[in-house]
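Worth knowing before you read on, the calculation uses all heavy atoms, side chains too, and leaves out hydrogens, waters and symmetry mates.
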Amino acid sequence: EVILPKTNKRERGTNIGSINKITVTNGHASNGTLVRIYIDDGTNEYNLLKTTVPAETTLSVTDNLSYDGGKYSLKITLATAGYDITVIIK
């Protein structure tokens, strides 16, 4: 699933590829889920994070991620559908 699509750099207020924090919360009561966050240029995919988030746990990535928002889309996949997963990007 695309979180932030790549955009024309000349467009104002679009994805510039600078993120201060990504928070992933797994609200399921008993099961963890595999979360993959990656960038995609339409040909190649590059993993930024691939981990299992345990049940009732929040994972925060706070290393000020920067990438070329005109070249890459930011995407996420979940290994298990139907879980209570919340993703917040700031």
Side-chain angles (χ1 to χ4, degrees):
E1 179 177 326
V2 176
I3 298 175
L4 295 172
K6 63 182 173 182
T7 59
N8 182 328
K9 290 182 183 180
R10 290 175 283 173
E11 297 175 33
R12 293 179 185 226
T14 59
N15 174 19
I16 59 170
S18 180
I19 296 171
N20 292 320
K21 182 178 183 178
I22 299 175
T23 303
V24 180
T25 300
N26 180 0
H28 195 275
S30 59
N31 294 323
T33 191
L34 179 66
V35 175
R36 178 179 173 231
I37 299 174
Y38 60 102
I39 53 175
D40 180 358
D41 66 6
T43 303
N44 300 298
E45 297 177 347
Y46 304 95
N47 288 332
L48 303 175
L49 173 71
K50 187 174 181 181
T51 190
T52 298
V53 179
E56 299 180 333
T57 301
T58 298
L59 170 71
S60 292
V61 179
T62 59
D63 286 337
N64 298 319
L65 169 68
S66 291
Y67 64 95
D68 184 344
K71 182 176 180 180
Y72 299 105
S73 295
L74 181 67
K75 297 184 175 185
I76 185 170
T77 57
L78 306 173
T80 308
Y83 285 0
D84 181 14
I85 303 294
T86 302
V87 178
I88 299 173
I89 300 174
K90 294 182 179 183

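Listed here is the closest heavy atom pair of Tyr46 and Tyr72: CE1-CE2, 3.8 Å. Shown here for Ile19 and Lys90, the closest heavy-atom pair between the two residues is CG2-O, 3.4 Å. Scanning both residues, Ser30 and Ala55, for their nearest heavy atoms gives C-CB, 3.5 Å. In terms of heavy atoms, Thr51 sits closest to Leu49 at CG2-CD1, 3.9 Å. For the pair Asn31 and Asn26, the tightest heavy-atom approach, listed with the atom from each and the gap, is O-ND2, 2.9 Å.
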Practice task
Report the C-alpha separation of Ile39 and Asp68 in whole Å, then their side-chain angles, then the decisive distance to 0.1 Å, and conclude whether the side chain to side chain contact (heavy atoms under 4.5 Å, CB included) test is met.
Solution key: CA-CA 10 Å; Ile39 53 175; Asp68 184 344; over 6 Å; no

Practice task
Report the C-alpha distance between Leu78 and Val35 in whole Å, list the side-chain angles of each, state the deciding distance to 0.1 Å, and finish with yes or no for side chain to side chain contact (heavy atoms under 4.5 Å, CB included).
Solution key: CA-CA 5 Å; Leu78 306 173; Val35 175; 3.8 Å; yes

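Considering CG of Leu34 and OG1 of Thr52, their distance stands at 5.0 Å, rounded to 0.5 Å.
The shortest side-chain heavy-atom distance between Val24 and Ile37 falls under the 4.5 Å cut-off. Side-chain atoms of Val87 and Ile76, non-hydrogen and from C-beta on, do get closer than 4.5 Å to each other.
With sequence neighbours left out, Thr86 forms a side chain to side chain contact (heavy atoms under 4.5 Å, CB included) with Thr25, Asp84, Ile88. In this view, Asn20 and Asn64 satisfy the side chain to side chain contact (heavy atoms under 4.5 Å, CB included) rule, not counting sequence neighbours.
One N or O on the side chain of Asp40 and one on the backbone of Gly42 form a donor-acceptor pair closer than 3.5 Å.
Sorted by first then second residue, the salt bridge (Lys or Arg N to Asp or Glu O under 4.0 Å) pairs that include residues 20-38, not counting sequence neighbours, are Arg36-Glu45.
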